Amino acid sequence: MSLHVKNLVCSLRTRGVSSLVIGQSAPRAFQGRNLPLTRGFNTTPFVWCENKIPIRVNESVDAIEGELSTLFKEGQQNPDLVSYAESFQLRRDMLESKGFKLIEGENEVVIQGSKEGRSFTVTWDPNPAEEDEEDYDHSDYEDELDQESENDDKDPDELAELSDAEDAASNQITNVTVRIQKEQGQELHLQCGVNSEAQFLVYRIGSDESSMVVVSELTEEIQHKVYDYLEELGIGDGAAGFIKDYNQYRMNQQHTETMKYVSDFFSK
């Protein structure tokens, strides 16, 4: 029986003989610190199937790019994305039919409206981003002393899970700035937010960003009246739902544009 050509492979650590591999297309083995690691080097293109057997690829690069271009183009026509875009367009049309104006920028979206001599703007960043831990957010609604009292009887693992859940929830808040102006020129500024459940939250209110009071620290009667006032102007949970849908729409659009770019890249 004839012997195949034997390849001696040296260990990276000892530079000695680590293993003996028979056959030209077999992978080369390297001895690691604890477990042997294997990395395959082959002279011909291949892909691995589930049983780890190398399969030769006989297609040209141009042919693969052509197929990828078609696949990415088909991905742009996702029926769910198309349906969502159509549904959102109806909401946009309804918003404008009620006298609101939508101004779209790359990092800022503004809804303009007016009612009974009061003009207002609702501004937010549609791009998802984590909040600064030092910023006031929806967690300030809860009284810290009561929260500490409730956590006294919980074990550390349970508290850790609650903390992770709260962090995940805070990352889903969209910060919103509301400015209301009367005909006489007086302005009211509000720092607000929209959570994952499309609820409109009011954090602070005042004459400008440097002079504000925390709404949750005021009496319940004042808090309810603030929400009633905004709701009457058209800035409530309905607006929050639109903001949430708009952000999803923008994400879908970015996804589609990226898919189109990749498809165009492979088609040329």
Side-chain angles (χ1 to χ4, degrees), residues 64-115 120-132 135 137-139 141 164-179 190-203 227 230-268:
I64 296 175
E65 284 193 346
E67 186 174 353
L68 283 171
S69 176
T70 301
L71 292 173
F72 274 96
K73 188 174 183 179
E74 292 173 353
Q76 299 174 43
Q77 304 167 354
N78 185 312
D80 292 335
L81 297 182
V82 173
S83 176
Y84 194 95
E86 294 174 351
S87 175
F88 178 78
Q89 185 59 47
L90 293 176
R91 296 205 62 182
R92 184 203 296 264
D93 295 342
M94 184 179 297
L95 181 79
E96 295 177 350
S97 69
K98 293 184 179 296
F100 295 96
K101 183 179 181 181
L102 184 65
I103 303 174
E104 302 174 78
E106 183 177 352
N107 298 314
E108 182 178 273
V109 181
V110 182
I111 296 177
Q112 291 181 344
S114 62
K115 185 175 183 179
F120 58 85
T121 59
V122 180
T123 307
W124 75 96
D125 184 348
N127 304 306
E130 295 184 1
E131 295 184 0
D132 190 335
D135 287 346
D137 59 19
H138 69 293
S139 63
Y141 273 108
D164 292 340
E166 290 174 358
D167 290 341
S170 66
N171 292 336
Q172 297 174 346
I173 293 289
T174 299
N175 292 322
V176 179
T177 300
V178 176
R179 290 182 175 86
L190 299 96
Q191 291 181 353
C192 310
V194 173
N195 65 14
S196 60
E197 298 177 354
Q199 295 175 326
F200 198 86
L201 310 175
V202 182
Y203 302 143
Y227 280 95
L230 293 175
E231 189 72 44
E232 192 62 30
L233 289 174
I235 312 172
D237 288 349
F242 181 86
I243 291 172
K244 181 175 180 291
D245 290 346
Y246 181 89
N247 292 348
Q248 183 62 53
Y249 167 77
R250 280 284 290 264
M251 289 179 62
N252 293 349
Q253 289 296 102
Q254 292 172 359
H255 172 80
T256 301
E257 291 171 2
T258 301
M259 295 285 283
K260 182 180 184 303
Y261 175 86
V262 177
S263 176
D264 292 344
F265 173 86
F266 286 128
S267 67
K268 298 176 180 179

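Worth saying up front: this structure is predicted, and the values here are computed from it rather than measured.
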Exercise. Do L230 and V202 come close enough that some side-chain heavy atom pair is under 4.5 Å?
Worked result: yes

Which pairs would a plain distance check flag for residues 254-261, meaning a side-chain donor or acceptor within less than 3.5 Å of a matching protein atom at least two apart in sequence or in another chain?
| residue | atom | partner | partner atom | Å |
| --- | --- | --- | --- | --- |
| T256 | OG1 | N252 | O | 3.0 |
| T258 | OG1 | Q254 | O | 2.9 |
| K260 | NZ | D264 | OD2 | 2.9 |

Exercise. In chain order, what residues pass the ring pair (Phe, Tyr, Trp, His ring centres under 6.0 Å) check against F88, with sequence neighbours excluded?
Worked result: F242, Y246, Y249

Problem set entry | Residues V194, F200; criterion side-chain contact (heavy atoms from CB on, under 4.5 Å); working and verdict | CA-CA 5 Å; V194 173; F200 198 86; 4.1 Å; yes

Exercise. Is it true that a side-chain atom of S263 and a backbone atom of F72 form a donor plus acceptor pair closer than 3.5 Å?
Worked result: no

For this session: Applying salt bridge (charged side-chain N to carboxylate O under 4.0 Å, His left out), name anything that partners E104, two or more places apart in sequence or on another chain.
Result: R92

Exercise. Which pairs, with at least one residue in residues 239-249 and sequence neighbours excluded, count as a salt bridge (Lys or Arg N to Asp or Glu O under 4.0 Å)?
Worked result: R91-D245

Problem set entry | Residue list, side-chain hydrogen bond (donor to acceptor under 3.5 Å, both in side chains) with N195, at least two apart or on another chain | Q199

Exercise. With no hydrogens and no angle check, do the side chains of D125 and N175 hold a donor and an acceptor under 3.5 Å apart?
Worked result: no

Problem set entry | Student check: side-chain heavy atoms of I243 and V176 closer than 4.5 Å | yes

Exercise. So do F100 and Q112 actually touch side chain to side chain, heavy atoms under 4.5 Å?
Worked result: no

Exercise. Would you say L190 and R179 make side-chain contact, with heavy atoms under 4.5 Å?
Worked result: no

Exercise. Can you name the residues that form a side-chain hydrogen bond (donor to acceptor under 3.5 Å, both in side chains) with K115, not counting sequence neighbours?
Worked result: E232

